[in-house]
Amino acid sequence: MKNRRDFLRNTFGLGAGLAAVPRLFAAPQESGAGMDMKHMGHATQRSSSGIVSVETPDVSQLPWRMDRNVKEFHLIAEPVKQEIFPGRVVDLWGYNSSAPGPTIQVNQGDRVRIVVDNHLPEATSMHWHGFEIPNEMDGAPGSSQDPIPPGGRFVYEFTLHQEGTYFYHSHMAMQEMMGMIGAFIMHPRESYKPRADKDFAVIMQEYAILPNIKVPNSMNMEFNWLTFNGKAGPATTPLIVRHGDRVRVRLINLGMDHHPIHLHGHSFVVTGTEGGRQPQSTWGPGNTVLVGVAQSRDVEFVANNPGDWMLHCHLPHHMMNQMSSNVGPMTRRNGMPAGLDMERGMGMLRQGSATSEENGPSLGRGMGVGSTFEQRTSNSPFKAESPMQHQDMPDMQHQGMQIGKPEVSKDANSVPGFPQDAFMEGPMMAMDQMVDKPENYGLRPGWSGFMAGMMTFVRVLPPDKYDQIMELRKSRKAISQ
Ligand SMILES: [Cu+2]
């Protein structure tokens with residue numbers, strides 16, 4: 001892209017800035033019914049009205065059946081085992097065996113019925129976030145309905161006149177922090193203009209789960225597992241697009257933090273919020289969008305820059321896995337410190353000020369251990385007996401990890417602050433084989449050592465490489481069936 005005018009032309013669809021790129025879909029018919037999603041799988045499909053289905057990498061699509069003129073869906077609220085990272089299976093609560101729950105896609109104007117069964121050990125209630133529907137269908141427990149008791153069922157039914165990126169979630173606050181959310185896409189009657197060639201949804205969640213624990217601490221105020229569609233990098237599945245595609249990414253956030261989502265190598269425009277499509281007059285170029293709690297943001301860009309581009313939350317701690325104050329020091333201190341009581345674990349002060357010398361370190365709170373006054377919580381030089389200190393440590397394999405030798409200088413241990421990323425990012429953490437999948441095919445060897453938390457790729461591929469990955473995906477699916 002040469003200049004801003006080109007950017008506007010490409011991104012706003014104001015001209016043929018991409019004439020050299022072959023169109024891969026037939027010319028659309030702008031009229032026609034909404035999309036038929038009965039047979040939608042992972043691959044993008046375009047309806048007669050020019051609308052493409054939304055892909056939610058790592059999350060399934062919820063099937064539906066027609067009951068006369070009503071689209072009927074079935075959701076089961078239940079405890080789930082979710083592998084958020086290779087080998088890290090945690091106990092979450094979600095829908096239909098996944099957290100986040102499966103994605104629902106409907107058309108503007110649809111009459112929709114959603115049967116919700118509660119297989120949780122406690123009451124729940126399903127809220128349809130941002131839906132303009134009758135009050136008794138809103139899912140607000142105690143006011144618009146009685147909560148659904150364990151073993152109970154509630155049938156929601158409404159007509160949807162809106163369009164945009166919505167979501168469903170439990171309206172019980174602690175259950176939200178156990179994973180209970182799913183995307184709910186309302187396709188417009190007529191395709192948005194300009195039309196997208198690829199449409200993705202990414203749900204952001206966060207959990208506080210200490211090492212060796214499987215259940216999130218939903219009471220915690222700080223989080224050490226950050227996920228895109230239920231996976232932490234490098235287990236996230238890249239978004240695969242063709243060079244020249246117009247791409248829409250729908251970002252949805254439900255948690256305790258706001259996430260500045262940043263895309264490398266491209267400028268995008270924000271085209272929609274949790275309230276639906278925004279008028280073009282509001283679109284301005286950017287590369288980072290703050291997705292606040294309970295918000296969604298649609299961004300669109302023309303994938304005019306080939307390569308594997310990171311898409312990630314830009315909060316540094318949200319690009320890490322299993323962060324807790326004891327993870328770094330654990331490798332070089334004796335044993336693991338015990339957690340503290342809840343108040344101190346949450347960083348609530350009992351005396352003094354937060355910035356005082358004795359309290360300062362405990363601001364790395366949340367996991368409990370960071371609040372232990374007696375222990376150093378800053379990164380500190382290795383102890384003499386630490387195996388990590390051996391610079392000549394041979395490359396080794398540990399549970400499928402590649403574990404290469406990090407590059408550190410000879411005097412590293414004498415540099416205040418060392419280590420920062422030396423043992424948390426890079427060859428030490430690479431696990432390319434463990435996260436092998438068609439979408440990762442052809443990434444630079446060792447790539448996985450630098451991906452964690454809310455990180456994934458937008459892979460802008462030439463047509464032949466794109467087709468190759470789609471073929472791999474198909475054959476992989478055939479094998480697994
Ligand atoms: Cu974040």
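Just so you know, ligand 1 is whichever comes first in the structure, and atom 1 is the first atom listed for that ligand. Position 1 is the first residue of the sequence, and the numbers go up from there.
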How many protein N, O or S atoms are found at a distance of less than 2.8 Å from the Cu ion (ligand 1)? 3
Is there side-chain contact between Ser144 and Met137, with heavy atoms separated by less than 4.5 Å? no
Test the Arg248-Phe200 pair against the cation-pi criterion, namely NZ or CZ under 6.0 angstrom from the six-membered ring centroid and within 45° of the ring axis. no
Parallel under 30°, tilted from 30 to 60°, perpendicular over 60°: which one fits the rings of His127 and His171? perpendicular
Salt bridge or not between Asp91 and Lys81? Use side-chain N to carboxylate O under 4.0 Å. yes
Side chain to side chain, His74 and Asp117, heavy atoms closer than 4.5 Å: yes
Going by side chain to side chain donor-acceptor pair (under 3.5 Å), name the residues that satisfy it together with Arg88, two or more places apart in sequence or in a different chain. Gln322
